[in-house]
Amino acid sequence: MTAKRESRGVDRVSCYRAGVSGEDSSAPSLQTRTRAFLDEFFAQGEELVRDLIAENERLRAALAATGRGNAAEPTTDVIARLMRQIEELEAECAEIRRLAGSVQRESGDYRSRLDSLEREHYHLASMYVAGNQFHTAGTVDEVLRTIIEILLNFVGVGRFTVFAMDEERQVLFPLIREGGDVADCREFAVPSDGPVAATLQPEGPWRAGRPLGQTDDALMHLPLVSGTRLVGFARLEQFLPQKQAFAESDFGLLELVSEHSGVGIETAWIRAHAKEMPLGRAALEKLVVS
């Protein structure tokens, strides 16, 4: 069982990396397209400069051919033409610089907005997938696998332990562990004070802004609840190597895990101990609150 979980972990880590930083390498990026566009602008400018130099040389030759003692009319025409060429070139270069600068600024804004939209899309997709997985989980094992997938693949926590509540004995015991051996963890009584106790109070699901319950061996203690019933908690111990801290989008996923995994575990527990019986009209009508 441990070997299989570790094998899946490798796949999930690579998925996490791709989800955070991946781009479609088969299509040219916006930066590449912008650079090519700017290169085309500057290439046109260089071509104009070359044309001006050639024209200047031609005009110089024409000017020399007219001779100093000739009438001033041709010389004046040549100089005027040269000045017009210079003015047109300067105007053209100024326009190219303006357009290039505008493209660069706008492309930067578009790139920033595109990055923002991609992050929002990834976050919403993560929330949808996570919520759907909890809703379709029918057993405690399926709920736990969903917790592992979300914390590892979406949040980027590489080592964590999920503890469950033994209500009769009022102790929390280790149920599964990712990134380590569950046998290394021990059960303990539900704490009444300290940073861990502050996060495990029956106040409903954890919400962003509440204490994380950080300790020397944990980034966070995340309660798993159903209503105000404490079902267990996840001790988040260490990020994946490519992650340094929680992102703002992580807190929405952690809220979802806190609420839906607790409900999922409780529902799976009730289902496992319920007597099998077919749906019936009379029984269902009695359950309808009038």
Side-chain angles (χ1 to χ4, degrees), residues 1 4-5 8 12 121 123-155 160-178 182 187-192 196-210 213 220-236 249-290:
M1 178 69 72
K4 289 182 179 178
R5 183 176 297 153
R8 291 200 309 273
R12 289 193 297 268
H121 178 267
H123 175 62
L124 291 174
S126 301
M127 294 286 286
Y128 173 79
V129 171
N132 187 64
Q133 287 294 100
F134 279 127
H135 292 164
T136 57
T139 66
V140 172
D141 185 59
E142 288 176 350
V143 175
L144 294 176
R145 286 205 302 269
T146 300
I147 294 173
I148 291 173
E149 294 293 336
I150 295 171
L151 294 180
L152 184 63
N153 194 34
F154 292 150
V155 180
F160 54 88
T161 307
V162 176
F163 290 78
M165 169 68 86
D166 185 326
E167 292 180 322
E168 290 184 346
R169 298 166 55 222
Q170 281 298 290
V171 298
L172 292 154
F173 62 94
L175 201 56
I176 58 166
R177 194 177 194 207
E178 183 69 29
V182 71
E187 69 177 25
F188 60 91
V190 178
S192 58
V196 178
T199 66
L200 302 185
Q201 297 301 319
E203 299 176 351
W206 182 86
R207 293 289 182 255
R210 291 185 184 175
M220 178 182 186
H221 288 79
L222 181 68
L224 312 179
V225 301
S226 178
T228 58
R229 183 184 191 182
L230 181 65
V231 176
F233 77 95
R235 183 174 68 196
L236 313 187
S249 59
D250 293 333
F251 295 129
L253 288 165
L254 293 173
E255 291 179 357
L256 188 146
V257 171
S258 178
E259 182 171 9
H260 291 269
S261 62
V263 173
I265 291 173
E266 182 183 58
T267 302
W269 173 264
I270 294 172
R271 180 180 296 178
H273 292 82
K275 180 182 177 181
E276 285 288 344
M277 58 183 303
L279 290 171
R281 176 176 177 173
L284 282 173
E285 286 178 341
K286 289 181 180 179
L287 298 176
V288 176
V289 178
S290 57

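Just so it is clear, the model here is predicted, and its values are computed rather than measured.
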Does E149 form a salt bridge (charged side-chain N to carboxylate O under 4.0 Å, His left out) with R145? I'd like the steps, not just the answer.
CA-CA 6 Å; E149 294 293 336; R145 286 205 302 269; over 6 Å; no
Side chain to side chain contact (heavy atoms under 4.5 Å, CB included) between L254 and L236, intermediate numbers included
CA-CA 11 Å; L254 293 173; L236 313 187; 4.0 Å; yes
Determine yes or no for a side-chain-to-main-chain donor-acceptor pair under 3.5 angstrom, with [X] supplying the side chain and [Y] the backbone.
X: S258; Y: P223; value: yes
X: T136; Y: Q133; value: yes
X: E285; Y: A282; value: no
X: H260; Y: F134; value: no
X: T139; Y: E142; value: yes
X: Q170; Y: D166; value: no
X: S261; Y: V257; value: yes
X: R235; Y: L222; value: no

When you look at E259 and R207, which way does the salt bridge (charged side-chain N to carboxylate O under 4.0 Å, His left out) test go after all the steps?
CA-CA 9 Å; E259 182 171 9; R207 293 289 182 255; 3.0 Å; yes
Quick check: closest heavy atoms across [X] and [Y], and the distance to 0.1 Å?
X: A164; Y: L175; result: CB-CD2, 4.0 Å
X: A268; Y: G138; result: CB-O, 4.0 Å
X: P205; Y: G227; result: CD-O, 4.0 Å
X: A130; Y: T146; result: O-CG2, 4.2 Å
X: P191; Y: A197; result: O-CB, 3.6 Å
X: G232; Y: L172; result: CA-CD2, 4.3 Å

Can you tell me how far the [atom1] atom of [X] sits from the [atom2] atom of [Y], to the nearest 0.5 Å?
X: Q201; Y: R210; atom1: CD; atom2: CZ; answer: 11.0 Å
X: M165; Y: I265; atom1: CE; atom2: CD1; answer: 12.0 Å
X: L144; Y: I176; atom1: CG; atom2: CD1; answer: 4.5 Å
X: I147; Y: L224; atom1: CD1; atom2: CG; answer: 5.0 Å
X: E276; Y: R271; atom1: CD; atom2: CZ; answer: 9.5 Å

Decide yes or no for L151 and L253: does some side-chain heavy atom of the first lie under 4.5 Å from some side-chain heavy atom of the second?
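Result no, sub-4.5 Å side-chain heavy-atom pair not found.
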Go through L152 and E178 one step at a time and tell me if the side chain to side chain contact (heavy atoms under 4.5 Å, CB included) criterion holds.
CA-CA 9 Å; L152 184 63; E178 183 69 29; 4.0 Å; yes
Partner set under side chain to side chain contact (heavy atoms under 4.5 Å, CB included) for A198, not counting sequence neighbours
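Listed in chain order: nothing, the list is empty.
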For the residue pair F163 and F233, does the interplanar ring angle fall in the parallel (under 30°), tilted (30 to 60°) or perpendicular (over 60°) class?
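Plane angle under 30°, so parallel.
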Begin from the C-alpha positions of V263 and V231 and carry the test side chain to side chain contact (heavy atoms under 4.5 Å, CB included) through to its verdict.
CA-CA 8 Å; V263 173; V231 176; over 6 Å; no
Let's go through D250 and F154 carefully: what are the C-alpha distance in whole Å and the side-chain angles of both, what is the deciding distance for side chain to side chain contact (heavy atoms under 4.5 Å, CB included) to 0.1 Å, and is it a yes or a no?
CA-CA 8 Å; D250 293 333; F154 292 150; over 6 Å; no
